[in-house]
Amino acid sequence: MGTVERHMFVDSALVNQAYEDTSLPIGLGQTISKPNVVARMIELLLGAPSLANKPADRLGRVLEIGTGCGYQAAVLSHVASEVYSIERLRGLHERARANLRPFRLATVHLLLGDGMVGYAKGAPYAGIIAAAGGEAVPEAWVAQLAVGGRIVAPTRSSTGGQALVVIDKTARGIERRVLEAVHFVPLKSGIA
Ligand code: SAH
């Protein structure tokens, strides 16, 4: 995270707040997550079963749902061999493309589409990370996860709020854990 300049992803009026540990608006009613949360989620992703005994290793292909401004995709490119990042809002998809251009990250693939159905062409994924929270983790994500892979996603919790959910796919089956409360923008279906 120290190498990805966060000010390159926010509006010029917000540049002086880019290094504060806070979420910021990125247009179209969406937000760039606060750095602490990005770090926490990527750290969880790196705890995937496939990396259990080799913590220094990088992940294979990763799917991100909710490109937004492209910041987290850039950070992910430092810990994964390929990053597929899908965004449902054309305006943000295009903004992320422009934001990421100067970084020349050949392993980041930006897609315009509905991430609720995942992205089958890049599957199976070593990790899937969502930046928007839904009622439940879509079945398609579990189906597109490699054995040894992990999903980290904000999801509606039993108390009505949102919590981080971690799903591991192992040879023994699916393991699901609910962690701390979080506040993400809603996961919506369709393209707009
Ligand atoms: N990772 C982003 C955070 C963006 S906020 C960043 O670093 O800036 C979450 C994003 O998820 C929003 O841009 C929203 O439009 C998008 N989103 C919500 N539902 C989606 C879906 N079904 N498919 C793809 N993107 C979705």
Side-chain angles (χ1 to χ4, degrees), residues 1-12 14-15 17-45 59 62-80 83-103 105 108-123 125 127-144 151-156 162 164-165 182-192:
M1 285 179 74
T3 67
V4 180
E5 299 155 294
R6 194 167 179 258
H7 74 266
M8 306 269 285
F9 295 86
V10 299
D11 194 81
S12 54
L14 298 170
V15 159
Q17 292 177 61
Y19 297 95
E20 289 174 15
D21 191 24
T22 171
S23 58
L24 293 169
I26 54 173
L28 302 175
Q30 309 302 315
T31 53
I32 178 175
S33 309
K34 79 189 218 162
N36 235 300
V37 172
V38 172
R40 167 75 172 143
M41 292 179 74
I42 294 179
E43 203 165 68
L44 282 168
L45 208 63
L59 286 162
V62 165
L63 175 66
E64 177 191 38
I65 291 92
T67 313
C69 66
Y71 172 73
Q72 182 167 267
V75 176
L76 284 168
S77 75
H78 291 265
V79 299
V83 179
Y84 294 85
S85 182
I86 189 159
E87 171 58 53
R88 64 179 288 274
L89 298 177
R90 190 178 298 271
L92 283 177
H93 167 73
E94 279 162 11
R95 200 167 299 174
R97 194 171 288 293
N99 287 344
L100 286 167
R101 197 164 289 128
F103 292 89
L105 301 171
V108 174
H109 313 285
L110 299 183
L111 311 154
L112 175 67
D114 182 357
M116 296 255 266
V117 297
Y119 181 64
K121 283 186 191 147
Y125 298 101
I128 299 180
I129 185 165
E135 293 299 315
V137 171
E139 269 309 310
W141 300 359
V142 179
Q144 290 170 24
I151 297 173
V152 181
T155 306
R156 167 87 49 220
Q162 236 180 23
L164 271 189
V165 169
V182 284
H183 299 279
F184 278 83
V185 295
L187 182 70
K188 294 185 176 171
S189 58
I191 300 173

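For ligands, and for the atoms within them, numbers begin at 1 and follow the listed sequence.
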Would you mind telling me if ligand 1 is within reach of the side chain of [X], the backbone, both or neither, using heavy atoms under 4.0 Å?
X	value
P186	backbone
L92	side chain
L28	neither
E87	both
V185	side chain

For ligand 1, is A73 a contact, meaning one of its heavy atoms is under 4.0 Å away? no
Around [atom], find the nearest protein heavy atom and jot down its residue, atom name and distance.
atom	answer
atom 21 (C) of ligand 1	K188 O, 3.4 Å
atom 14 (C) of ligand 1	Q30 OE1, 3.3 Å
atom 11 (O) of ligand 1	G66 CA, 3.1 Å
atom 7 (O) of ligand 1	Q72 N, 3.1 Å
atom 9 (C) of ligand 1	A131 O, 3.2 Å
atom 25 (N) of ligand 1	R88 N, 3.3 Å
atom 5 (S) of ligand 1	T31 O, 3.0 Å
atom 6 (C) of ligand 1	T67 O, 3.5 Å

Looking only at distance, does [X] have an N or O less than 3.5 Å from an N or O of ligand 1?
X	answer
G115	yes
S33	no
A132	no
I65	no
D114	yes
E64	yes

Does a sphere of radius 6.0 Å around [atom1] in [X] hold more than 12 heavy atoms from other residues, nucleotides or ligands, not counting ones at 6.0 Å or beyond?
X	atom1	value
Q17	CD	yes
E20	CD	yes
H183	NE2	no

Are any non-hydrogen side-chain atoms of [X] and [Y] less than 4.5 angstrom apart?
X	Y	value
I42	Q72	yes
M41	L45	no
I65	W141	yes
I32	R6	yes
T67	H93	no

For L76 versus E64, what's the shortest heavy-atom pair and its separation? CD1-CB, 4.0 Å
Please report the shortest heavy-atom distance between V137 and A153, naming the atom on each side. CG2-CB, 4.2 Å
Once the angle between the rings of F9 and F103 is folded into 0 to 90°, is it parallel (under 30°), tilted (30 to 60°) or perpendicular (over 60°)? parallel
I need the atoms of ligand 1 closer than 4.0 Å to a non-hydrogen atom of M116, numbered in the order shown. 22 (N)
For the side chain of Q144 and the backbone of Y119, is there at least one donor-acceptor N/O pair under 3.5 Å apart? yes
